[in-house]
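Have a look at the structure below before the remarks.
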Amino acid sequence: MTESIKNLYERILAYNGEHDNAIAILRDEPMYRHTTFKIGGPAALFLTPDSTDSMTALCTMLKETGAKHFFLGNGSNVLFDDGGFDGAVISLAGLNSVSADGNMIRAEAGASVASVCKAAREASLTGLEFAFGIPGTVGGAVYMNAGAYGGETAFVLTESTYLDLDTLTVCTIPLTEHSFGYRESVYKHTKRLILSAEFTLTEGKREEIAALMADYMNRRVTKQPLEYPSAGSVFKRYPGRYTGQMIDESGLKGYTIGGAQVSEKHAGFIINKGGATAKDVLDLIAYIKKVILENYGCELECEVIHVK
Ligand SMILES: Cc1cc2nc3c(=O)[nH]c(=O)nc-3n(C[C@H](O)[C@H](O)[C@H](O)COP(=O)(O)OP(=O)(O)OC[C@H]3O[C@@H](n4cnc5c(N)ncnc54)[C@H](O)[C@@H]3O)c2cc1C
């Protein structure tokens, strides 16, 4: 443990003593347990605050100790290093409420996208169908501007609330201040923790919403290798090209390094066939990039975030 992490740990113990263990602590917690890739060495501390208050208190401690940290949603777009993370991984899992009011849905950042989609379906609200099946949290979806089947988080979000990690103040910004783009948002470039988001939807017919969600889920099950651990599409879309098609045409489907393999079912996915290391995945990514550059002159950009 580094000095700053030790310092943070002691401060959390003291806080927990006065607040009924409001921040759950795991030490040397393997990150393969918390990522959809099922890859990653131990995080020195794995912390789960149970409310916005304890999350805010923790962020104050992070600022004061200068401890290295990483905020984790559902871990569906990250690759943790084999050597682990010599800092604190902070899980948003404790902030997971979802509520519907009229045609709006408000959700805390750690709520699953699935739970927000289900709330929309229950309230007969249309607009979020595209997101059904994205295995992330609301915070991860806003951060990444997650999208599928022609839809994007940016199309339905009206505002988000965040904690500024420098000033420790809570702010709410409207859609126009999110700088949303393809897998882009203001949050990728600022020190802010997303606390919650508000989505504005349109009244629809419950059966039609349910049918469209089922259709999208069915397409995922048919076309994506959901039977294996992965982090979804590894690369960003290349303008004017289909990345998966370039990888497929290059004969890379099934190409394997260690336990990491280019999916036979969907060339855009790298799957963990069993026992894959982060190094296997990174080596495979480097190889794919090299081949695609040679064959098409296209420089692929990774969508998955490598954390070390
Ligand atoms: C099988 C599969 C299918 C997928 N399909 C799609 C798809 O169709 N479309 C798509 O866009 N993506 C897809 N993904 C990728 C992934 O699910 C999305 O990028 C998702 O939005 C990530 O959310 P998460 O909660 O898992 O974020 P994480 O992977 O935990 O984190 C991603 C980034 O967001 C940051 N972050 C998370 N929460 C917060 C917060 N509260 N405040 C600040 N930063 C935060 C993290 O620090 C990290 O940098 C897929 C992944 C898998 C495994």
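The residues of the chain are indexed from 1 along the displayed sequence. As the structure is a computational prediction, the values presented were derived from the model and not from experiment. Quick note: numbers below take in every heavy atom, side chains included, and nothing from hydrogens, waters or symmetry partners. For ligands, and for the atoms within them, numbers begin at 1 and follow the listed sequence.
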remark   = Residue, atom and distance of the protein heavy atom nearest atom 34 (O) of ligand 1 read Tyr143 CD2, 3.1 Å

message = Could you tell me if the side chain of Phe70 sits less than 4.5 Å from the side chain of Phe80, heavy atoms only?
response = yes

Which of the listed options, [options], holds the heavy atom that is closest to [atom]?
atom: atom 8 (O) of ligand 1; options: Glu303, Lys191, Arg220; value: Arg220
atom: atom 19 (O) of ligand 1; options: Val138, Asn77, Thr153; value: Asn77
atom: atom 17 (O) of ligand 1; options: Ser233, Ser76, Ala231; value: Ser76
atom: atom 7 (C) of ligand 1; options: Gly147, Ala146, Gly136; value: Gly147
atom: atom 13 (C) of ligand 1; options: Leu92, Ile134, Leu95, Val113; value: Ile134
atom: atom 32 (C) of ligand 1; options: Thr36, Leu163, Ile305; value: Ile305

key: Mutual orientation of the aromatic rings belonging to Phe46 and His34 [parallel < 30°, tilted 30-60°, perpendicular > 60°]   = parallel

ask   = Mind checking whether Phe269 and His266 have parallel, tilted or perpendicular rings, split at 30° and 60°?
value = tilted

Salt bridge between [X] and [Y], side-chain N to carboxylate O under 4.0 Å?
X: Asp101; Y: Arg106; answer: no
X: Glu129; Y: Arg121; answer: no
X: Glu294; Y: Lys290; answer: yes
X: Lys191; Y: Asp166; answer: yes

Counting heavy atoms only, which part of [X] comes closer than 4.0 Å to ligand 1: side chain, backbone, both or neither?
X: Tyr162; answer: neither
X: Asn145; answer: neither
X: Ile194; answer: both

inquiry  = If you measure every N or O of Thr137 against every N or O of ligand 1, does any of those distances drop under 3.5 Å?
reply    = yes

query = Any N or O of Phe71 that comes nearer than 3.5 Å to an N or O of ligand 1?
reply = yes

Check: Ser230 side chain, Leu226 main-chain N or O, donor-acceptor pair, under 3.5 Å = no

request  = Determine whether any heavy atom of Lys188 lies closer than 4.0 Å to an atom of ligand 1.
outcome  = no

inquiry  = Within the 4.0 Å heavy-atom shell around Leu72, which atoms of ligand 1 are there?
reply    = 30 (O)

